[in-house]
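Working notes, structure below.
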Amino acid sequence: MKKFKNSLEIRPFLALIVILLACEVLYRVMFGDSFFKITMVDGHFYGRLIDILRNGSKYVILAIGMTMVLATAGTDISVGSVMAIAASVACSIVDERILPSLHGNVFAAVLIALLVGALCGAWNGFLVAKLNVQPIVATMILLTAGRGIAQLVSDGKIVTINSDAYYFINGGYFLGLPIPFYIALFVLVIAIILTKRTALGMAIESIGINSESSRLSGILVSKNLWVIYIFCGIMAALTGIVESAGIKGADCNNCGLLYEMDGILAVALGGTALNGGRFSFVSSALGALIVQTISTVIYAFGVTPELTKVFKALIVVIICLAQSPIFMAKLKGIFSKKGSVAA
Amino acid sequence: MATKLLRMEHVNKSFPGVVALNDVEFSLEAGSIHALLGENGAGKSTLIKVLTGVEKMDGGEVYLDGNEIHVTSPFDAQKKGISTVYQEVNLCPDLSVAENIFIGREPKKHGHIDWKKINEDSKELIKEFDLNLDVTKKLGAFPVAVQQMIAIARAVDIKAKILILDEPTSSLSQAEVEKLFDIMRELKKRGLGIVFVTHFLDQVYEVTDTITVLRNGGYVGTYKTDELEKPALIGKMLGKDFDSLAEISVTQREAGENPEKFIDVENAGTAKIKNVSFSLNKGEVSGLSGLLGSGRTETARLLFGADKMTEGHIKIHDKNVSIKNPLDAIRCDIAFCSENRKTEGIIGELSIMDNIIIALQAKRGLMHVVSKKEAAEIADKYIKELNIKTPSRDQKIKNLSGGNQQKVLLARWLATDPELLIMDEPTRGIDIGAKAEIQRIVVDLAKTGMSCLFISSELEEMQRCCNTMYVLRDKKIVDKLSGDNITEANIMKSIAGEGEN
């Protein structure tokens, strides 16, 4: 029980539950209906929870890559641009705009887009691990240049595609649940195996806490960093693919816009310290679902578009305060004082 | 008798799982220098933290000039006249000397900071400390000793009544220590009460009037310095009789017969040091002696691949090996305890267990994970063998005292089962008990056939532990001493360069 209380996962888990329950209560009061209502159509589940699962999966994938990078006390702000590059590469191949010899093969398109993501990650890793450029500066290069590259690939146009196989990546179902959910689950399991079944997890933590001590303990710091940035690049590419399959095309200017911030936010809400050290993929995944839940809630309650950003910020502030031990202790102090006065 | 300047009574402080201070008392008279002594983990640091408002005490009273005070923060302590100078200078290296002295209390003229006054006053102030330097230069440009003087100057200038010096001498040379003592005596004449925390007992006898000893968070006693003899003092600090101490310092000096050669370094060099040639035998403790900056650490880092080797060869068991990074060295069964425990040793947020197994894990490769069970067994084994004081192996290493952290790092390297153990200043900044323990461990390891390379600034310690000794001067090995030739006199001679002709 104590172990459970101390684990990183508990706070984001509780936060998610609280938000969902609050929505349910509010929604019933306001609309007299259940926020959780799930219906079955054509053997698929429909409902807001399913939407959160489908759309949140993108953030989960992104957050998993980001978690690794942040745990090494680094950061990757290029993920949004990498999403755009991967999306335009994949869509251009499916559309037979580039590499026509592949005849729009979806499988090949996805594979090549992932490879391009890996290449982007390798570039970031090269700057950070080999040249010792500060991560935020190093990844800023791709943040700005990335969308240009994406436009080069797509000739500056919005690439629209017509491929049911590609749509399936986002819109498909398996056992009644949306495909992105399975992709996210698969990635989560792979990431956990990769870090827990090997000593990579410990290496990441120790690099994040004290990289020079880690190097002198025999950890090949720059090699590990390189691998981590490549992994993050692949995750960003995968997110871009899922996203483009959802909107049935690639828009270089808008695909993945500001996703780097959502990714970092998801990890932060999950409780991984942004200056390196202990991390948990499950926490970050929960954090990602919180990020998505907030968006879904805003639409479900019909908040006017002008207010959505303010509303989102408000919820984030509340969650952050709830996760701050200092704030909670103060709050407790206020309440116990009031209690004693009353008594 | 006049009222005491400072009186602390019945001070209690607990951290989760540890009682750091248990009913401790301490009192300080104006115009005196008072040594606060004890082993690592005795509670000295905690007592000072409580006094300066860094930590809140659980219970007890503090009286300043006879009035009870409640110190709420370090800033509050300063306002009340309690100033602290820490072992690690905690000023801002990127600000100028003058800015550092006046930070937080800048004199103003017409609403603007009066830079002229700041610079002039600073210059005036540090002159009193026999320092004559450009106060507009960045603080970080000066040696640590000077920075420390400036920290003291700042502390004195803000009208301190009490000056706390927390291990101020550990990074100073002998001459600098003398100068510091002169200043302390001068400040004492001015009526300041000085609390002096140190590990160097000789310095205690040189400069202090009174001694208070703490042990395991408890108060042992307060004594007049000239009435307490050194052996008795050590006994009080350790809670042992001096006889049992004498036994700790038993050493072996005879080299083994026909020792087997382990490593041969031929004309090796890195960016920092060139032309290093020497060899180390199995079953022997070899020492590297020399002044600070003579190339001792650079030589060690070269062997371990911590700095990139650019020339020369290294042979192990007469076979050429290539050591490009620390992992290569570890796989050649070399281990290296760095002199910088905090920045190059411990991984603070990780548990003791993870800190112990990390090098072994690296040696095996990240894909071959050391199982939880095996890790726990290894950790428990070394916690017991090296007598590491901790409630559990899951404790974060940063919560341990310096001596115990050092032992964990030693355990990290012993777990890799090395043939050569390099230790750079392993006993710096740790208490006598742990020091003697580490010395003995080194000698015992050599007896089991390990080759040890020992680096220390304390000649007496080197003399006791080493079978052979290389002396360095100006990044060159200038002499090799062995057996009975290893005497302090001979080492000094070599360091000074008198043995040349």
Side-chain angles (χ1 to χ4, degrees), chain A residues 2-3 5-8 68 70-73 129-130 132 190-228 230-231 271-280 325-326 329-330 333, chain B residues 300-301 304-307 323-351 353-372 375 394 396-398 405 408-409 412-413 415-416 418 422 424:
Chain A
K2 201 177 163 197
K3 201 176 165 191
K5 249 183 163 172
N6 287 335
S7 73
L8 267 178
M68 276 210 199
L70 287 169
T72 65
K130 289 286 161 186
N132 264 335
I190 293 286
I192 290 173
I193 289 176
L194 208 62
T195 47
K196 299 284 168 188
R197 285 288 151 143
T198 73
L200 188 63
M202 186 166 85
I204 292 172
E205 284 187 8
S206 75
I207 291 171
I209 295 164
N210 187 337
S211 79
E212 186 56 17
S213 287
S214 308
R215 189 178 80 91
L216 290 178
S217 300
I219 307 276
L220 297 172
V221 173
S222 60
K223 192 174 147 196
N224 277 300
L225 279 180
W226 211 335
V227 170
I228 287 159
I230 290 174
F231 181 81
T272 296
L274 298 191
N275 53 3
R278 277 187 73 196
F279 67 94
S280 155
I326 295 174
K330 284 232 161 104
Chain B
R301 290 176 65 95
F304 190 63
D307 297 328
I323 296 177
K324 294 199 201 76
N325 55 40
L327 184 58
D328 289 342
I330 292 169
R331 294 204 164 134
C332 289
D333 298 322
I334 300 174
F336 172 57
C337 279
S338 163
E339 62 179 328
N340 300 313
R341 194 167 57 227
K342 272 192 193 136
T343 54
E344 297 180 350
I346 64 166
I347 297 159
E349 294 287 327
L350 289 189
S351 67
M353 179 170 83
D354 285 346
N355 267 286
I356 289 179
I357 63 154
I358 188 164
L360 175 66
Q361 179 69 68
K363 187 176 190 178
R364 288 191 189 170
L366 295 184
M367 293 304 136
H368 305 278
V369 73
V370 176
S371 72
K372 277 246 158 67
D394 296 320
K396 284 182 185 170
I397 190 173
K398 65 170 188 184
Q405 287 181 357
V408 171
L409 294 181
R412 173 190 294 172
W413 293 114
T416 66
I422 308 167
D424 194 355

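None of these values were measured; they are calculated from a predicted model. Every chain is numbered from 1, with letters handed out A, B, ... down the list of sequences.
With a 4.5 Å cut-off on non-hydrogen atoms, B:Arg364 does not touch chain A at all. Both the backbone and the side chain of B:Asp354 come within less than 4.5 Å of a heavy atom in chain A. Interface remark: B:Glu349 contributes backbone and side-chain atoms alike to the contact with chain A (heavy atom separation under 4.5 Å). Heavy-atom distances place both the backbone and the side chain of B:Leu350 under 4.5 Å from chain A. If you measure heavy-atom distances from B:Leu360 to chain A, you find no contacts under 4.5 Å at all.
With respect to A:Met202, the side chain to side chain contact (heavy atoms under 4.5 Å, CB included) criterion is satisfied by exactly one of B:Leu366, B:Val370, B:Ile357: B:Ile357.
Residue B:Leu409 holds its CG atom at 8.0 Å from OG of A:Ser217, rounded to the nearest 0.5 Å. For the atom pair A:Ser214 OG and B:Glu344 CD, the distance stands at 11.5 Å (nearest 0.5 Å). One finds the OG atom of A:Ser206 at 8.5 Å from the CG atom of B:Asn355 (value rounded to the nearest 0.5 Å). Here CG of B:Asn325 is found 11.5 Å from CD1 of A:Ile219. Values are rounded to the nearest 0.5 Å. Atom CZ in B:Arg412 sits 9.0 Å away from atom CG in A:Leu216 (nearest 0.5 Å). Atom CG of A:Leu220 and atom CG of B:Leu327 lie 4.5 Å apart (nearest 0.5 Å).
Ranked by heavy-atom pairs under 4.5 Å with chain A, the list B:Ser338, B:Ala306, B:Gly305 is led by B:Ala306.
A:Asn210 places no side-chain N or O within 3.5 Å of a backbone atom of B:Gly348 that could act as its donor or acceptor partner.
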